[in-house]
Amino acid sequence: PEDALIVSMQNGVHNAEVLRKHLGSRRVLAGIVDFNVVSQGQGVFQRTTSGPLSIKSCDDARWQTSIRALRHSGLAVVELDDIVPAQWTKLVVNLNNAVSALSGAPTRELIVSSDYRKVVAAVVGEAIFVLRKAGIAPARLRGVPISWMPKILSLPSPIVRLVTRAQMKIDPEARSSMWEDLTRGRLTEIDYLNGEVLRLAEEFGVDAPVNRRIIELIRAAEALGNGPPNLSGPALLAAIRSSH
């Protein structure tokens, strides 16, 4: 119906804007799923990390009813007057999705492996540099500045595990949706994650070679259609270092 209220929970920072352009007068709210979900097949989905749903605040009675229902079901819901900074933070965090997809490794292994962490730190650090040049200030991640993420990832593995455990619960089955896309032979959302960093870098006249290289590797995997390339930590680290 024309008066429908739509909540977009897709990754990226422009999804609600795109929907508004195509849905006419319908009201579209931006939302963020701050936890990981893995498909188990046959319509079964497993939640594999902790976190809330973050949604643009809205005084529409229908939506307030929906929020009460979500909370009653056990989901934490956070309403934000300004959701854009939180969308940028989620995008920065989601830059690890491509590392998961290229490695084939579960999220826990990305945290344990120093080489995979170096890749994530390089991708995220570059993105934070680009956002700073663009004058974009992301929201804090569970109370911690997102700019600390590369520094935390560079710490020894036991410390990283402790910090991560304090921030969120991670199921052994946790993997990125981009890994699932490659596994199922689908195109990924790389253009709306690492691609967003690259577009922003080009707009503000800075270089983003690491994110560019990650995009190239994902597109190569999409073209082959053989699933995740399962690159080892050293191999993936060498691949992004060759971009400099």
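Start at 1 with the first residue, then count along the sequence.
- For D115 (side chain) and L237 (main-chain N/O), no donor-acceptor pair under 3.5 Å exists by modelled atom type.
- Using a 4.5 Å heavy-atom cutoff, the side chains of I55 and E79 are not in contact.
- One distance of note links CG of D60 with CG of L5; it measures 5.0 Å at 0.5 Å rounding.
- Taking each heavy atom of E222 and I190 in turn, the nearest pair found is OE2-CG2, 4.4 Å.
- In summary, the side chains of R117 and S157 do present a donor paired with an acceptor at a separation below 3.5 Å, with no hydrogens or angles considered.
- Shortest non-hydrogen contact noted between P52 and F35 is O-CD2, 3.8 Å.
- Taken from CG in N94 to OG in S176, the straight-line distance is 8.5 Å, to the nearest 0.5 Å.
- Side-chain contact between K90 and D34 is present, with heavy atoms from C-beta onward closer than 4.5 Å.
- Rounding to the nearest 0.5 angstrom, the gap separating the NZ atom in K56 from the CD1 atom in I83 is 8.0 Å.
- Rounding to the nearest 0.5 Å places CG of N194 at 9.5 Å from CD of E126.
- Salt bridge status for D207 with R212: present, with a side-chain N to carboxylate O gap under 4.0 Å.
- Side-chain N or O atoms of R47 include none that pairs as donor or acceptor with a backbone N or O of N36 at under 3.5 Å.
- With 3.5 Å as the limit, one finds no donor-acceptor pair spanning the side chains of H14 and Q87.
- In this structure, CG on L102 lies 9.5 Å from CZ on R213, to the nearest 0.5 angstrom.
- Contact record, R175 with P106: NH1-N, 3.6 Å, taken as the closest heavy-atom pair.
- Counting heavy atoms from C-beta outward, V92 and L141 have side chains that stay 4.5 Å or more apart.
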